[in-house]
Amino acid sequence: MDSVLIPLVNPNEPEALLAALHVSEGQQVAAGDPLCTLETTKATAELAADRDGYVLGLRYQAGQTARAGEVLCYLADSLDEQLPQVATPSTETPHMAELPPGLRMTSPALALARERGLDLSSLPVGPLITESALRTYLQAEPQPASAFDPHAIIVYGGGGHGKSLVDLLRALGTYRVVGFVDDGLPKGQLIMGVPVLGGSEVLPEIHAQGVHLAANAVGGIGDVTVRVKVFHHLAQAGFVCPALSHPTAVIEPSATLTAGVHVFAHAYVGSEARLGYGVIVNTGAIVSHDCLLGDYVNISPGAMLAGGVQIGSGALIGMGVTVNLGVNIGAGARVGNGATVKADVPEKGVVRAGAVWPD
């Protein structure tokens, strides 16, 4: 009988969330079969069986937190093998029904939040909050809660997307843009009359001044992981990224916009469509009824998604693309400008600009 140990997914985080469990007690598996999916604030990893056998002594459920080196289960040659006598891990799990929508946190982080009497609705939604990330958030909170300015917001990234966000925010009339944060621009430079406050190193200082809202203007067109990292930087510094939609955009009442979503001018989001964390729906794009867009999906200007389209996390849909009814586009896929998509696109698939898919 061989033990299956929880690996160290991220060297800086000894704990990981069991995001999905792919096996059950007594199930027969083959070498290479997936056992579970683990998630930290910066990485996701799949744990696979290293040999054939039966799953015995399964010690965790999906949604629980495990530490590196702990036993997930055992792989045995038969169902009647005797399990080793070991201590049972804590089964404490965040009560997801008690968490605000979009908030994801590990059990130790939830315990710390309760110990400190934190209002869970004040925590950043989207990225997974671990105990270490929450302690960083607490250390950056020296000011009283009354210092929070609900109308003040920063824009991370001073490029073209950042300029568009400034105009969107001004059109809303709800927020006051305090400044840009950009690691590649000189401090004090003015963009559309808004000053550059510095790079990511100034985030704790800005947060301490009562500015807790941010808009991520790093589009990540060439590499979506750059955009994802900015969301993580903002979350670790305690910032919340609200969903933002231009006044001229049409959002049906039954549609769902998760935190960090940006919907630009004259775009349309249809009935019961759901937009995941950090999605961009750019100018004039159409997301029809029942569409499901995963986290960090980027819909470029003028793209049209018919009803029931599903798009996996991090995919990029180019300008003027047409996607037919009920098509699925895999995570990380890239669809070039002007393409027509008539059938499913696999994960990380590439559809050339102007092409008709499949050829």
Side-chain angles (χ1 to χ4, degrees), residues 9 17-23 29-40 42-49 62 126-128 218-229 231 255-256 258 260-262 267 269-270 272-282 285-359:
V9 179
L17 177 71
L18 194 67
L21 186 62
H22 307 301
V23 294
V29 296
D33 285 351
L35 301 177
C36 69
T37 301
L38 299 166
E39 181 182 357
T40 68
K42 294 182 173 61
T44 301
E46 192 170 81
L47 179 58
L128 174 67
V218 177
I221 295 296
D223 182 4
V224 71
T225 62
V226 178
R227 178 170 171 78
V228 175
K229 287 178 181 177
F231 276 120
T256 301
T258 312
V261 166
H262 298 159
V269 179
E272 295 199 337
R274 178 175 176 82
L275 278 55
Y277 186 82
V279 164
I280 297 172
V281 179
N282 225 310
I286 296 175
V287 178
S288 296
H289 64 86
D290 299 304
C291 285
L292 179 62
L293 276 56
D295 296 345
Y296 315 116
V297 166
N298 192 327
I299 308 297
S300 298
M304 295 184 292
L305 311 183
V309 169
Q310 296 190 28
I311 303 180
S313 176
L316 170 65
I317 310 301
M319 295 185 294
V321 167
T322 300
V323 183
N324 283 13
L325 184 73
V327 166
N328 294 340
I329 296 177
R334 298 175 65 86
V335 181
N337 296 340
T340 299
V341 182
K342 297 184 175 182
D344 293 353
V345 178
E347 182 176 337
K348 296 184 180 179
V350 176
V351 178
R352 298 188 310 275
V356 176
W357 178 275
D359 294 334

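Excluded from the calculations below are hydrogen atoms, water molecules and symmetry mates; all remaining heavy atoms, backbone and side chain alike, are included. Keep in mind it's a predicted model, so treat the numbers as computed, not measured.
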Where [X] and [Y] come nearest, the two heavy atoms and their spacing:
| X | Y | value |
| --- | --- | --- |
| Ser288 | Ala273 | O-CB, 3.8 Å |
| Ala48 | Gly32 | CB-O, 3.7 Å |
| Cys36 | Leu21 | CB-CD1, 4.1 Å |
| Gly318 | Ala303 | O-CB, 3.7 Å |
| Ala306 | Val309 | O-CG2, 3.1 Å |

Side-chain donor/acceptor of [X] to backbone N/O of [Y], under 3.5 Å:
| X | Y | result |
| --- | --- | --- |
| Thr258 | Leu275 | yes |
| Asp290 | Gly307 | no |
| Arg227 | Gly219 | no |
| Arg334 | Ile221 | yes |
| Ser313 | Ala331 | no |

List the residues meeting side-chain contact (heavy atoms from CB on, under 4.5 Å) with Ala20, not counting sequence neighbours, and say none if there are none. His22, Thr37
Which residues share a side-chain contact (heavy atoms from CB on, under 4.5 Å) with His289, sequence neighbours left out: Ser271
As a quick check of understanding, evaluate side chain to side chain contact (heavy atoms under 4.5 Å, CB included) for Asn337 and Val321, giving each step before the final call. CA-CA 6 Å; Asn337 296 340; Val321 167; 5.7 Å; no
To the nearest 0.5 Å, tell me how far [X] [atom1] sits from [Y] [atom2].
| X | Y | atom1 | atom2 | answer |
| --- | --- | --- | --- | --- |
| Asp223 | Leu316 | CG | CG | 11.5 Å |
| Leu292 | Leu305 | CG | CG | 11.5 Å |
| Leu293 | Thr256 | CG | OG1 | 12.0 Å |

Beyond-backbone contact of Ile299 with Ile311, side-chain heavy atoms, under 4.5 angstrom: yes
If you count the non-hydrogen atoms of other residues, nucleotides and ligands that lie under 6.0 Å from CD in Glu46, is the total more than 12? yes
Relative to the ring of Tyr277, is the ring of Tyr296 parallel (under 30°), tilted (30 to 60°) or perpendicular (over 60°)? perpendicular
If you look only at distance, which donor and acceptor atoms sit under 3.5 Å apart when one is on a side chain in residues 341-353 and the other is two or more places apart or in another chain?
| residue | atom | partner | partner atom | Å |
| --- | --- | --- | --- | --- |
| Asp344 | OD1 | Asn328 | N | 2.9 |

